[in-house]
Amino acid sequence: MIKIVDLDFKAIEDKWRQKWADAKIFEANPDERKKWFVNSPFPYVNSCLHLGHGFTYTRMDVIARFKRMQGYNVLFPFAFHATGEPIVGVAKRIEKDDSDQIKMLTDAGVSEREIKKFKDPKYLVRYWQKRIKQDVNRLGIAVDWRRSFTTIDPEFNRFIEWQYRLLKDNGYVVQGTHPVVWCPNCKSPTGDHDRLQGGGEGPINYILFNFKLPSGEILPMGTLRPETIYGVTNVWINPDVEYVKAKVDNEIWIISESCTEKLKDQMHSVQIKGKIRGEELIGKRCINPILMNEVLILPASFVNPKSATGLVMSVPSHAPYDWIGLKDLMYNPSFLKKYGISLDEVSEIKPISVVKTEGLGEHPAVDLCEKLEVKNQNEVEKLDKATNFLYKKEFHQGILREVCGEHQGMRVSQVKEDLSKDFQKVNAATTMWELSGGVVCRCGTKCHVKILENQWFLKFSDERWKEKARLCLRRMKIYPEEARENFESTIEWLQEKACARKSGLGTRLPWDKDWIVETLSDSVIYMSYYTIANYINSEKIEPDQLNDDVFEYVFHGEGDVKKISEERGISKEILQKMRSSFEYWYGFDIRGSAKELIPNHLTFCIFHHTAVWPNEKNWPRAFAINGMLNVEGEKMSKSKGNFILLKDAIEKYGADATRIALMDSAEGLNDANWLEKDVLAWKNKLSSFYGLVKRYYDKGKLMLKRPIDAWLVSRFQNYIKMITDHLEKAENRSALTYFHQMVNDLQWYLKRSEERNKTIVNYALEVMTKVLSLYSPFISEEIWNMMDKERFISLEKWPEFDPKKIDEYVLKQEETFKNICEDIKQTIKLSKKNKDLYLYVITEKEMLYLQQASSFLKREFGFKEVKVFLVRDSKKYDPQNKSIRAKYGKPGIYLE
RNA sequence: GCAGGGGUUGCCAAGUCAGGUCAAAGGCGUAGGACUGAGGCUCCUAUCCCUUAGUGGGUUCGUGAGUUCAAAUCUCACCCCCUGCACCA
């Protein structure tokens, strides 16, 4: 019976945190031991850490502690990410007294006085840096803080400059032109997270067909389906819209006014020459640039001037809107008359089928409108649904008909690109970018597509770069293996990636100061900076002392140290120390992160390492990937109100329980689930383990090893093997499950043996405490201290697996014995007899084993007598006659 | 839509690659019991359904079909969930 011990977890945690810090046990310097460099992505410093951070960091910390106990020289550094837009954004919002922003900060426990100072982004960074450091320490992460930095430190900026110059010199950074979603107000690209509306929308390329009026002006018709040019029966213009005549490059176009704004941002020169109402064009004819036939310009209200050019061609066979548009006109002859168009002219128009699709009729748009019973062009919902359906179906399965000339028989999906190119080649068409859907920037402005010129890109498409990345990945360990495919497909899929922006915090591109290195691109090789950051910090090396020569020497061993030392004013010894520190620690041995970073950050990390370091020794060696952290089965989010800050969890449950519950909540790519009842259960378990040690440690007798002692040792040896194997694969949860089993086994042992073998019980408790120390280090230090140990458990030696200590025979016997106990229990239940017990066994060894257990059986079941007999001749067995049974017997259990 | 991962008995989760020993580990929860002044602790027992003298039977591993003497495990199709889809951290 173990009494619950009331433990003051907080006091224990404070005590050991302080002792660790005083003894500087996590400060790692190169020495003769083998090294182990573990790290995890640094957090963005615009708020304190949440439970998800705690999950990833604890996971790495468990591995760090494991490796340290295994005898490695372990380095776990930590830094802070501050580059990019959000921090500036917060500062700006504070400046403007934004109430939402202030509330967010107040909720996170920032005082009003502090909030006022947040107008200064640098102050804001310093503030959160302090808070985050506190959170990390509270959680018990074994960090070497001497190597800490932020990405807006000028020293770090020098490092990034070195990196980018190097990449550019090797041809991995190139200039290019690219369409982006653009906010004309912010004058910057609008990413998904920067949007009030239109998440997931992006630029899509419209083809514009140059229909011509007899007078020479061009009516550009925007469409996503170039093949439908063969099925055009007329064109549509919105009669109520005021269009403009504009000189676009060297032609006169008639387009909507909003289109001119878009074209200006898409590398066209646009001058508005005049206005023209849509209705003025109705009833005129224009020429199809491919078929060269004349088609009628008809009115339709569904034509949206905000979409592309504000002019569309009509393909009634394949576009439900167009078919309904025509029908609407036929039912409305007076409307037609207004524009001087005769009903006959319209009723003569017959759909022209362009695409043949299995399962669809000749004119699928017509059929669909009938099926959905679309009454008129105002039934937008039905029409959109039909349009969507047709677009997909015909794109994937449709085959071009005879009217398409040389392209006949081709599948739409295969021929679409070629068609577009061909039409452009003969000047029948151009293209323009349009959004796939409306996007509104966070600032409230409507966005459009802009073609960014002279943008800087990382050339991930470069085949020699990809090949190196593949090689690196092949050599890496990925935990769990299931995640590897994701890396492989990312390497194949990555193309040019913009690596610079015009706004936000960060390092300016050294050769083009207008651009700032984008934040995902300045955080891919910073782990190497940890190996020298302690020298930069302690030696107070100034940013302007750091130039490419320094970094070339430190990271590549290039150049003359003496000369660099003189020129840069850094002592030769320090430079050499930095160099050897890098050589000692790099490449890192494991980096742990959530799975969301696989397709970007982690794969970039592979690419950049292979580009910066030709020597494979410096490449990443392993990634450990974890899933997302859910809370009570739901995604953690501020709006759901289930957002848990790390500090709050630690405050409420203690760091030890928080850590071990996090580790127990998931493994591999599965999303973890944080359940309060589990955390509380762990808190109790920790207490009762403390109680277990207090009660049994060093309390038994010194005695010779009995079978049951051998059993416990054997079981523990197996556990040590299993736990070690799992931890080597970053499977922290699996390793932890054996802790439960060890507790169970120890409890069986305590019950089973009347007298406890002090050596054995101590051994078991020590092993368990060591295992526990990875997960819940504070309480483990406390327990270790209670055991009168001199050293920190954090610096103790990991229990070694020794197969020689495993006694297979005893393991088997005890297993059998447990089964026998189970049988005895059942038999007692049925026979209601428990006076005497007779056991019949086959071998003498078995007999001896059971005889040794007889006192346990008496204690456990209340037998007066327990006898074990050897079976001599089972054929003569007679269950009724005790004396015969004793003489011959049959293997089994008999009760009196 | 595309890419990667997943769906197991109340919940979490092992098992799937190497088919049988799987009614399926372990943890949590729940129920009963022990201990206790009392317990939210700890220990024992039970926990798919029916039946039973320590058994026997039935129905299960997202859905449907297939391969096989035999499928949670292999094949195919479908449904659902998670992550990512780029100039954003």
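We name chains A, B, ... by the order of the sequence lines, and we start the count at 1 in each one.
Within the shown strands, B/G62 is the pairing partner of B/C78 under the Watson-Crick or G-U definition, both distances less than 3.5 Å. The partner of B/G37 cannot be assigned: no Watson-Crick or G-U wobble pair with both contacts below 3.5 Å exists in any strand. The partner of B/U52, taking Watson-Crick or G-U wobble pairs whose two distances both stay under 3.5 Å, does not exist in any strand shown. When Watson-Crick and G-U wobble pairs are counted only if both distances are under 3.5 Å, B/C85 pairs with B/G1. Under the Watson-Crick or G-U wobble criterion, with both distances below 3.5 Å, B/C11 is paired with B/G27.
Remark on RNA chain B: of its neighbouring residues A/His601 and A/Glu496, the 5'-side contact belongs to A/Glu496, judged by nearest-heavy-atom nucleotide. Each of A/Asn486 and A/Lys677 lies near RNA chain B, and the nucleotide nearest A/Asn486 is the one positioned closer to the 5' end.
Of the C1' atoms belonging to B/C80 and B/G62, the separation is 7 Å, rounded to the nearest Å. For B/U63 and B/G57, the P atoms lie 25 Å apart once the distance is rounded to whole Å. Going from the C1' atom of B/G84 to that of B/G32 covers 50 Å, rounded to whole Å. Going from the P atom of B/A13 to that of B/C22 covers 23 Å, rounded to whole Å. Taking atom C1' in both B/A70 and B/C48, the straight-line distance is 22 Å, to the nearest Å. Taking atom C1' on both B/C2 and B/G66, the two are 29 Å apart, rounded to the nearest angstrom. With P as the reference atom, B/C49 and B/A25 are 15 Å apart, rounded to whole Å. Only the P atoms considered, B/U73 is 12 Å distant from B/G7, to the nearest whole Å.
When the P atom of B/C11 is taken as reference, atom CG of A/Asp664 falls 18 Å away, rounded to whole Å. Residue A/Leu629 contributes atom CG, which lies 16 Å from atom P of B/C82 at whole-angstrom precision. Between the C1' atom of B/G27 and the CG atom of A/Asn673 lies a distance of 13 Å, rounded to the nearest Å. The distance between atom CD1 of A/Ile491 and atom P of B/A86, rounded to the nearest whole Å, is 19 Å. Rounding to whole angstrom units, CG of residue A/Asn626 and C1' of B/G4 are separated by 16 Å. Between the CD1 atom of A/Ile660 and the P atom of B/G27 there is a distance of 14 Å, rounded to whole Å. Atom CG of A/Asn670 is separated from atom P of B/U16 by 15 Å (rounded to the nearest Å). Taking atom CG of residue A/Leu680 and atom P of nucleotide B/G40, one finds them 14 Å apart after rounding to whole Å.
Not a single donor-acceptor pair, N or O on each side, falls under 3.5 Å between the base of B/A86 and the side chain of A/Asp192.
Looking at heavy-atom distances under 4.0 Å, A/Asn600 makes contact with a base. Within the 4.0 angstrom heavy-atom criterion, no nucleotide atom of any strand lies near A/Glu667. Within 4.0 Å (heavy atoms only), A/Thr190 reaches sugar-phosphate atoms of the nucleic acid but no base atom. If you check every strand for non-hydrogen atoms under 4.0 Å, A/Gln741 touches nothing. A/Ser489 comes within 4.0 angstrom of sugar-phosphate atoms only, judged by non-hydrogen atoms across all strands, and of no base. Within 4.0 Å (heavy atoms only), A/Phe457 reaches at least one base atom of the nucleic acid. Heavy atoms of A/Lys685 sit under 4.0 angstrom from primed sugar atoms or phosphate atoms, though from no base atom. Nucleic acid contact for A/Leu520: base, since at least one base atom lies under 4.0 Å from a heavy atom of the residue. A/Glu85 comes within 4.0 angstrom of sugar-phosphate atoms only, judged by non-hydrogen atoms across all strands, and of no base.
Checking B/G6, B/C28, B/A89 against every side-chain atom of A/Asp678, the shortest atom distance belongs to B/C28. Relative to the side chain of A/Gln747, the nucleotides B/G5, B/C43, B/C85 differ in distance, and B/C43 lies closest. Taking only side-chain atoms of A/Arg733, from C-beta outward, the nucleotide of B/A86, B/G84, B/G26 with the closest atom is B/G26. When distances run from any side-chain atom of A/Glu485 to the nucleotides B/G84, B/A86, B/G4, the shortest one goes to B/G4. Closest approach to the A/Lys635 side chain among B/G27, B/U83, B/A89 is made by B/U83 (side chain taken as heavy atoms from C-beta onward). Comparing B/G27, B/C85, B/A89 by their nearest atom to the side chain of A/Asn744 picks out B/G27. For A/Gln495, counting side-chain heavy atoms from C-beta on, the closest listed nucleotide (B/A86, B/G84, B/C28) is B/A86. Comparing B/U42, B/A86, B/G4 by their closest approach to the side chain of A/Asn684 singles out B/U42.
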Could you please spell out the steps behind the side chain to side chain donor-acceptor pair (under 3.5 Å) verdict for A/Ser461 and A/Gln495?
CA-CA 5 Å; A/Ser461 61; A/Gln495 295 296 319; 4.5 Å; no

Does the pair A/Tyr775 and A/Phe739 meet the rule for a ring-ring contact (aromatic ring centres under 6.0 Å, His included), with working shown?
CA-CA 11 Å; A/Tyr775 298 87; A/Phe739 184 76; 8.2 Å; no

Intermediate values then yes/no, side chain to side chain donor-acceptor pair (under 3.5 Å), A/Asp153 and A/Thr150
CA-CA 6 Å; A/Asp153 295 348; A/Thr150 82; 2.8 Å; yes

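Cation-pi geometry between A/Arg752 and A/Phe817 is satisfied (NZ or CZ under 6.0 Å from the ring centre, within 45° of the ring normal).
For A/Tyr526 and A/His81, the gap between ring centers reaches or exceeds 6.0 Å.
Side-chain N or O atoms of A/Thr56 include none that pairs as donor or acceptor with a backbone N or O of A/His53 at under 3.5 Å. Without hydrogens or angle criteria, A/Thr177 side chain to A/Glu453 main chain gives no donor-acceptor distance under 3.5 Å.
Residues satisfying the side chain to side chain contact (heavy atoms under 4.5 Å, CB included) criterion with A/Asp192, sequence neighbours excluded, are A/Arg195.
Results of the side chain to side chain contact (heavy atoms under 4.5 Å, CB included) test with A/Ser521 over A/Leu458, A/Leu167, A/Thr83 single out A/Leu458 as the only residue that passes.
At the phosphate of B/C41, neither OP1 nor OP2 sits under 4.0 Å from any side-chain N or O atom of A/Ser688.
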